[in-house]
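All ligand and atom numbering here is 1-based and tracks the order in the structure. This chain uses plain numbering: 1 for the first residue, then up along the sequence.
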Amino acid sequence: MVSIYKRLISSNALNWVGIPIVLITVLLLISLIFIGRVIERKEKENLRGMLNDNVEYADTLLDSWVENKVSTVELWSNQDGLRRHAAEVLKLKENGGDFAKYHHASTYGDSMDRQVLEHGLLGYFIIAPDGTSLASMRDNNIGTKNIVMLTLPDVFSRVLAGESIVTRPIITDVPIINTRGEMSAKSITSFVMTPIRDDNGTIIAIFSNRISHNSSVASIFEFLHIGSTGESYIFDSRGRMLSESRFKEDLVALGMLGRDEESALNVFLRDPGTLITLETDSHLSLKNKPLTLMARRAIEGGAGSSIEGYRDYRGELVVGAWTWNEKLGVGIAVEIDEAEAFDSLRLTLTYLYSFSFVAIIVLLGAAVVTDWISKRHKKSISELNKEQERTDVILNAAGEGVYGIDAKGFTTFTNPKVTELLGFQAQELIGEKMHDMLHHSRADGSHYPVEECPMSNMIVTGKSITVANEVFWHKKGHSIPVSYTGTPIVEEGKVVGGVITFRDATSELEAIEQIEKSMEEARAANRAKSIFLSSMSHELRTPLNAVMGFGQLLLLDQEKFKKKHVDQINYIISSGEHLLSLINDVLELSKVDAGEMSISLERVSPADVIEESLSMVKSMAQDRHVSINNAWVNKDNLMLKSDFLRAKQCVINLLSNAIKYNHEGGKVVIDTRIVEEGFLRIIITDTGIGIQKNKINDLWEPFNRLGVETGDVEGTGIGLCVTKDILALIGGKIGVESQVGIGSKFWLDLPLWSGDEIPVKPRVKKENINVTLEDVDFGLFADKFIYCVEDNPSNETFLRNIFSEATGVKLVVARTGEEAVAALAKLTPDAILLDLNLPGINGFDVMKSLKKMPHMKNIPIFAVTANIEPILKKKADDAGFNGFLLKPLQVNYLHGLLKKAMGL
Ligand code: ADP
């Protein structure tokens, strides 16, 4: 839960920025369009300004050129020499003299030619008011009507009226040196004309100087070209170019101009309507084309400009400015290719729009990403909320108290159950040290130092804890037994707190107490049952001793009875045997149930277990004509870690079942194998009746004989159940496979000895005392002295019947151990039968005393008991008894034992 809060808190740090980004994008877009427009407008204004400036500048240059020319000519015309000369030639003309001759012959006329050349002029005229050329560099002009008067009569009149004027360019046939330094037949010239006055100031003639455009005006414009495609030029009112084209080479290449031709006069400013290239032939029909926009406007209306592209005389899209120079009567154009003019603007706008495009893409991308993050964020918030709600529901509904602490032990949250169990409201605990509030004292009221508190330890070690048997303290001051678990909260490898879950353990403790009490009661009941069964068994054995013993005694004299009576005696004996095995099995089972079956694990030879088991069932197999084959040879000298007697008990049980549930003449095979590491499997296979598959699981149920109880095979249905329990105690397992009509295969897996080698206690091989009743003759012990210690009168009677007077045996029976010890101090019998269960000192105590008596050293003493506990037999062996007789006594076995002991 703590981590959920943290995630919620940290998630608030993320702001929703999608809408601002979209707004910023739109604003940016608008700003960029606006900025683009402003830049464009500004650039265009600049361009227009620059073009206009250039035109103005060209105009000014042209004006000052005109003024310069005018002032030069005026200066000259004011010279006395010129005025006199003019008056003289005029006079001559008026008088019909040869003024032409006079002019060239006069000193002044001569010097005029020189001065003209010095001033860079092409020639001069002195013109009479009627327009006759009075003087000139070229004789053939003299006496003719002046070209200006003929072509520009208004200009001529204005000069006669007193103005000094530079005429607009005129095409003349006076050859001049062109721009390439060659003589050109036609030339563009202007005339600088000023009046010549007499001393009274009266205009008597006109002084006119011829100037070349090619050399002077055109050169002005060459310096005014802008950029790499810009061009400045002048043109006349017919749209003829009067200066040299910057693109003359291109024009020649395109066939628009002859190689020897000059641009001036030969290039018309007509709009071809398309770009002239080698492929287009539009220039061929240029004559019919209108003048370029610039030329038209300049001729029609004077100054202007266009920064919207229009086509120039090459068909190129250009922008330009123009004006009309009234003084000279020419148009001035400054143009530049539109592409170049707007190059920097285009570049700027390209950069601007590219940047904007990238910025918008980035911003839109950011908006999309932000939107996506926001959606995810919303989703996770709603998931967190749901998770939180779920967690709250769980915490509120939890049947256990749950609270959180931080790394310093301060409470961070509690659930309602904490309040319910401990009386504190959540707000009383949150922010407080939980140990001080709930856990300050131990159950006995003594102080509980926080350093010893498992919860503090959990914070230090980062390990979960589970604690029972502690107390938490209620707000009202009483303690509540609790059991609790603590889980540390670890973030980035650091313990930042923990969550503690606890429950009221009062009812648990009560239940445990109750269980313990019930267990104790059950144990007591079990003990009582065991004691009961053991004493019952003892008590039952005693009369059985008499029943079976006397039955056997009767059989000793069977020749005295009819066959029918002998059968009945046999029936009594076999029923007694059955009853006996039933008692034994029930006793075993009760011991297992009560957990009182004693087990002592030792190093046991499996060969011994199998051999001794086989010897125990040998006669049974013979009786039923079942052959037993021991197929195992212990080549590897394997050893078991087991309880010898119990292991033997298990093997005997399986072997006897394999014989019991076999057919007449059937087979039993015993073999071993290692199927699992550390275990020896003893396998007993029979060719008997087999077990139905669906009954296999019922094998281990006590008293369940799987339906054979109706047959004549005796059994109790306890053997396998006890076997399984014994195996569990000695760490083994049992298993079975069976097929009805074919046979069964039972196996035992017994743990192998894997520890240090310790010698196996050699087992005293007991001779098989196998005496049939026919061989029994107690007369054999005539004259022998047999001393019995037996407290039970019926057993005593039985013994007295065995060792009757007729046998010649001397029998003395003592009723108590004390009596026997006292008597035997002075007696030396041939054998002693000592009951272990005696009033007063028991058989073992008696044995101890007898052992101390030197004369008892070689006297065989046999333990007699109704207790079938195997450990008792072992105890008897250890105490030094020479044999062990289990009640009810088997007369044949007793006979054989005594016979052997006495060496008869
Ligand atoms: P009991 O032999 O005294 O009846 P067990 O516990 O030894 O009791 O066996 C339980 C039952 O399992 C037997 O009554 C018998 O029906 C069946 N059983 C045991 N061993 C075999 C066997 N080798 N072949 C067939 N049936 C068997």
Side-chain angles (χ1 to χ4, degrees), residues 533 537 574-593 597 610 613-614 616-631 645-672 681-730 732-749 868 870:
L533 283 171
S537 131
S574 73
S575 295
E577 276 168 358
H578 182 55
L579 190 57
L580 194 63
S581 77
L582 197 64
I583 291 165
N584 290 346
D585 286 350
V586 169
L587 198 64
E588 284 286 273
L589 193 66
S590 77
K591 276 191 196 142
V592 175
D593 275 357
M597 185 166 275
I610 291 171
S613 304
L614 282 172
M616 296 297 284
V617 297
K618 200 170 162 188
S619 63
M620 182 182 178
Q622 278 167 359
D623 289 350
R624 294 173 195 249
H625 304 107
V626 171
S627 68
I628 303 181
N629 175 20
N630 180 8
L645 291 175
R646 294 296 179 193
K648 198 172 90 178
Q649 188 179 348
C650 295
V651 176
I652 290 173
N653 198 359
L654 294 190
L655 280 174
S656 60
N657 279 350
I659 297 164
K660 273 200 302 187
Y661 302 108
N662 218 321
H663 303 292
E664 183 81 10
K667 280 183 195 155
V668 175
V669 177
I670 183 161
D671 203 354
T672 65
R681 176 168 287 187
I682 298 175
I683 307 158
I684 292 155
T685 315
D686 66 59
T687 56
I689 57 171
I691 306 158
Q692 285 171 16
K693 247 199 183 103
N694 59 352
K695 289 189 175 170
I696 294 268
N697 286 338
D698 303 338
L699 276 175
W700 326 109
E701 268 181 25
F703 304 109
N704 191 341
R705 297 202 64 213
L706 312 184
V708 298
E709 54 272 27
T710 50
D712 51 3
V713 180
E714 280 174 0
T716 58
I718 291 173
L720 285 179
C721 167
V722 171
T723 303
K724 193 171 181 201
D725 288 340
I726 291 172
L727 281 165
L729 287 173
I730 60 178
K733 279 174 278 183
I734 186 167
V736 62
E737 275 172 20
S738 186
Q739 252 185 301
V740 175
I742 294 187
S744 306
K745 183 198 267 186
F746 280 82
W747 66 80
L748 305 170
D749 285 344
I868 55 159

[X] to [Y] - nearest heavy-atom pair and separation:
X      : Y      : result
Ser738 : Ile696 : CB-CD1, 4.1 Å
Leu748 : Cys650 : CD1-CB, 4.0 Å
Lys695 : Leu706 : NZ-O, 3.6 Å
Ser613 : Leu655 : CB-CD1, 3.9 Å
Gln649 : Val722 : NE2-CG1, 4.1 Å

Whether over 12 other heavy atoms sit under 6.0 Å from Met616 CE: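 Not more than 12 within 6.0 Å, no.
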
Neighbouring protein residues of ligand 1 - any heavy atom closer than 4.0 Å: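 For ligand 1, the residues that come within the 4.0 Å heavy-atom cutoff are Asn653, Asn657, Ala658, Lys660, Tyr661, Asp686, Ile689, Gly690, Ile691, Leu699, Asn704, Arg705, Leu706, Val708, Gly715, Thr716, Gly717, Ile718, Gly719, Leu720, Ser744, Phe746.
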
